[in-house]
Q: 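Dumping the structure here so I can ask a few things about it.
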Amino acid sequence: MSLWVVRGGSALSGTVSVQGSKNAALPILAAALLVEEPIELLNVPVIRDTENMLKILRSLGCTVKREGTALIVDSRTATGFTLPTALSGELRSSIFLLGSVLARFHAADAPYPGGCEIGNRPIDLHLNGLKRLHARIEESGGRIRCTGDDLKGAAVDLGYPSVGATENIMLAACRADGTTTIRNAACEPEIVDLQQFLCACGFCVQGAGTPTVVIEGVKKGHGASYRVMPDRIVTGTYLLLGAITGGDVTVTDTQPETVDTLLSRLSECGCLVTVHGDSVRVRSSGRPRAVGFTETRPYPGFPTDLQPQLFALLSVADGTSVLTENVFENRFRHAQELKKMGAQNRILDRTAIITGVERLHGAEVTAHDLRGGAALALAGLAAEGDTRIRHAERIERGYERMDSVINALGGSITRKEESIGEEKERRRTGELPV
Ligand code: EPZ
């Protein structure tokens, strides 16, 4: 288990070039199976989730060469359509592979992804969409078995603009016979990135970024070279580093328009926000002011993946803020951890009432999920003393060497590995709750 020791009290300042987008890279990697020629991908972040996706592609027979953030994926040698249980269990978003494996091999067999720390994560919209394309789906023994010799284009109306379901159906439709129209599609920038990649490979996809995406099926695509978009959630997280520590942080090589809802909140908090080309700079002007009301929504609303990090900032703001989480039903687990650091908040169903405090103090806390863990790192940097974050490996799922980035900006994070034995000993001595 990874343990991060975060020393608070320094104002973080400097410039960081943001990593490639985890949530764009994962569906694009799944899409590689649709093309039976080598594909070059650039700006693919080196994080646990992408590494797990590459292991799954290799288990299906793909050859993958990685040099830093550049990849060559060749699926010509792929023959498998059964996703490995352990890896797919750890990477629940491997469910996107259903659509591309089915389109390529006319069959797909995957473990049921199950829920996670932030919610039940059902996949009914995925499966109903694939059935609309004439896939036959059988769910038994914790696995999903799809067959579809002749996927046919169809109109698919999503009951909710699910990001993963939109992507899964796009992938399945690329080589289907005829036209597929997805209505009430998710509009996230990662969907646009996936469309751009698919078009670079010769597929016919249009409308991504709007609620209606149209795919004209073609027999097969061709190789391409594609650069994955910057990660907008990591961009927002790093901009909050400056705001919460009284510093001055610039993030470069990003797409400022994809974090505009966060930038307007930071301005409301009293930060000085400047956008210049593909760079964003956030300068703190002292203790942030509280922000009246924020609610998470599908894009272009405020992103749920930045809710925990904003929660941390509002925990030290001057005044009371209200934050409503509309996307996932259990995405406030960081609230209790922040309370251990002296934060004051009350959770009423999907709404948090956050009363900012002047100063947090260091504590022993647990990262329950990826973005909640990032929020605890932010809070630890603003706190008095040291904060020990347990299960920091969950942060490393989506952030490329976040500890090194923070240390380069003047913060202090020390990474440790804690064995099960050491953890047990700390429980025995009472240092950790039983
Ligand atoms: C993607 O998850 C992202 N993950 C999530 O980022 C992100 O929070 C989410 O989109 C929303 O933006 C990746 O792209 C790998 P959804 P996804 O399907 O596709 C319900 C991170 O931290 N739903 O849009 O799983 C679901 O329960 C991660 O990087 C159904 O009811 O999100 C949830 O309440 C966390 N039935 C809502 O839709 C379905 O079939 C949003 O889910 C599918 C989803």
Side-chain angles (χ1 to χ4, degrees), residues 19-31 44-45 47-50 52-53 56 88 90-99 112-132 137 139 144 156-171 182 184-194 211 228-229 231-237 258-259 261 296-309 324-331 333-334 350 367-375 394-400 402:
Q19 70 182 60
S21 166
K22 166 177 86 77
N23 291 351
L26 291 172
I28 286 172
L29 285 168
V44 178
I47 52 178
R48 284 191 36 222
D49 276 13
T50 51
N52 276 336
M53 180 61 95
I56 294 174
S88 310
E90 188 178 343
L91 179 64
R92 63 171 314 286
S93 50
S94 54
I95 194 70
F96 310 132
L97 279 158
L98 269 188
Y112 216 86
C116 69
E117 308 77 15
I118 61 176
N120 291 327
R121 312 298 290 276
I123 58 168
D124 54 308
L125 297 171
H126 296 245
L127 301 184
N128 294 340
L130 294 176
K131 286 175 188 166
R132 289 285 298 149
I137 294 176
E139 298 168 63
I144 305 158
V156 181
D157 288 294
L158 289 179
Y160 177 91
S162 154
V163 171
T166 302
E167 291 165 342
N168 225 339
I169 297 159
M170 283 167 72
L171 295 177
I182 306 172
N184 197 27
C187 300
E188 272 69 5
E190 292 77 19
I191 310 264
V192 177
D193 217 35
L194 177 60
V228 171
M229 69 176 276
D231 194 308
R232 61 191 171 103
I233 304 303
V234 175
T235 295
T237 307
T258 61
V259 286
T261 52
T296 66
R297 288 273 176 216
Y299 197 87
F302 189 89
T304 176
D305 292 349
L306 281 172
Q307 176 264 103
Q309 300 91 315
T324 294
E325 170 55 58
N326 289 312
V327 177
F328 289 107
E329 67 271 23
N330 187 30
R331 201 169 199 173
R333 295 190 68 185
H334 43 281
R350 286 191 175 225
H368 292 291
D369 56 80
L370 164 57
R371 307 302 178 184
R394 291 170 181 155
I395 305 172
E396 294 158 0
R397 277 190 43 216
Y399 290 86
E400 205 175 55
M402 183 176 185

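All residue numbers refer to positions in the sequence shown, counting from 1. Order of listing sets the numbers, starting from 1, for every ligand and every atom in it. This structure is a prediction, so every number in the text was calculated from the model and none was measured.
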Q: Quick one: look up the protein heavy atom nearest atom 32 (O) of ligand 1 and list residue, atom name and how far away it is.
A: Phe328 CZ, 4.0 Å
Q: Does Tyr160 reach ligand 1 with a nitrogen or oxygen that is under 3.5 Å from one of the ligand's nitrogen or oxygen atoms?
A: no
Q: To check your reading of the model: name the closest protein heavy atom to atom 24 (O) of ligand 1, its residue, and the distance in Å.
A: Val163 N, 2.8 Å
Q: Under 3.5 Å between any N/O of Leu370 and any N/O of ligand 1: does that happen in this structure?
A: no
Q: Whether the side chain of Gln309 engages the backbone of Asp305 through a donor-acceptor N/O pair (distance < 3.5 Å, no angle test) should be reported.
A: yes
Q: For the pair His126 and Ser162, evaluate side-chain contact (heavy atoms from CB on, under 4.5 Å) and give the outcome as yes or no after the intermediate values.
A: CA-CA 9 Å; His126 296 245; Ser162 154; 4.1 Å; yes
Q: Could you tell me whether Gly164 and ligand 1 have an N or O pair separated by under 3.5 Å?
A: yes
Q: Give the atom numbers and elements of ligand 1 that come within less than 4.0 Å of a heavy atom of Arg331.
A: 8 (O), 22 (O), 35 (C)
Q: Might you check, step by step, whether the distance between atom 20 (C) of ligand 1 and some protein heavy atom is under 4.0 Å?
A: no
Q: Keeping the roles fixed (side chain from Gln19, backbone from Glu400), state whether a donor-acceptor pair exists under 3.5 Å.
A: yes
Q: Can you figure out which of Leu127, Asp305, Leu125 has its heavy atom closest to atom 5 (C) of ligand 1?
A: Asp305
Q: Identify, by atom number and element, the atoms of ligand 1 in contact range of Arg121, meaning under 4.0 Å from any of its heavy atoms.
A: 2 (O), 17 (P), 25 (O)
Q: Under 3.5 Å, is there a donor-acceptor pair between the side chain of Arg394 and the main chain of Ala367?
A: yes
Q: Please lay out, stage by stage, how Ile47 and Tyr399 fare under the test side-chain contact (heavy atoms from CB on, under 4.5 Å).
A: CA-CA 6 Å; Ile47 52 178; Tyr399 290 86; 5.7 Å; no
Q: For the side chain of Asn330 and the backbone of Glu117, is there at least one donor-acceptor N/O pair under 3.5 Å apart?
A: yes
Q: With heavy atoms of Arg371 as the reference, note each atom of ligand 1 found under 4.0 Å away.
A: 21 (C), 22 (O), 29 (O)
Q: Looking only at distances, please establish whether an N/O atom of ligand 1 is found under 3.5 Å from an N/O atom of Phe96.
A: no
Q: Would you say Thr261 and Pro303 make side-chain contact, with heavy atoms under 4.5 Å?
A: yes
Q: Does the Asn326 side chain pair with the main chain of Thr296, one donor and one acceptor, at a distance under 3.5 Å?
A: yes
Q: Using non-hydrogen atoms of the residue, decide whether Pro122 is closer than 4.0 angstrom to ligand 1.
A: yes
Q: Flag Lys22 as yes when one of its N or O atoms lies below 3.5 Å from any N or O atom of ligand 1, and as no otherwise.
A: yes
Q: Under a 4.0 angstrom heavy-atom cut-off, which atoms of ligand 1 come close to Ile123?
A: 39 (C), 40 (O)
Q: Do any N/O atoms on Ser93 end up under 3.5 angstrom from N/O atoms on ligand 1?
A: no
Q: Counting distance only, does the side-chain N/O of Thr304 pair as donor-acceptor with the main-chain N or O of Val327 below 3.5 Å?
A: no
Q: Quick one: which ligand 1 atoms are inside 4.0 Å of a heavy atom on Val327?
A: 33 (C), 34 (O), 37 (C), 41 (C)
Q: Any sub-3.5 Å donor-acceptor pair from Asn184's side-chain atoms to Asp157's backbone N or O?
A: no
Q: Once you restrict to heavy atoms under 4.0 Å, what part of Thr304 touches ligand 1? Side chain, backbone, both or neither.
A: side chain
Q: Decide yes or no for Lys22 and Leu370: does some side-chain heavy atom of the first lie under 4.5 Å from some side-chain heavy atom of the second?
A: yes
Q: For atom 36 (N) of ligand 1, what's the nearest protein heavy-atom neighbour? Residue, atom name and distance, please.
A: Asp124 OD1, 2.8 Å
Q: For Asn23 and ligand 1, does the shortest N/O to N/O distance drop below 3.5 Å?
A: yes
Q: Among all protein heavy atoms in this structure, tell me which lies nearest to atom 18 (O) of ligand 1, with the distance rounded to 0.1 Å.
A: Ser162 OG, 2.7 Å
Q: State whether Arg232 and Glu190 are salt-bridged, where the test is any N-O pair (Lys NZ or Arg NE/NH1/NH2 against Asp/Glu carboxylate O) under 4.0 Å.
A: yes
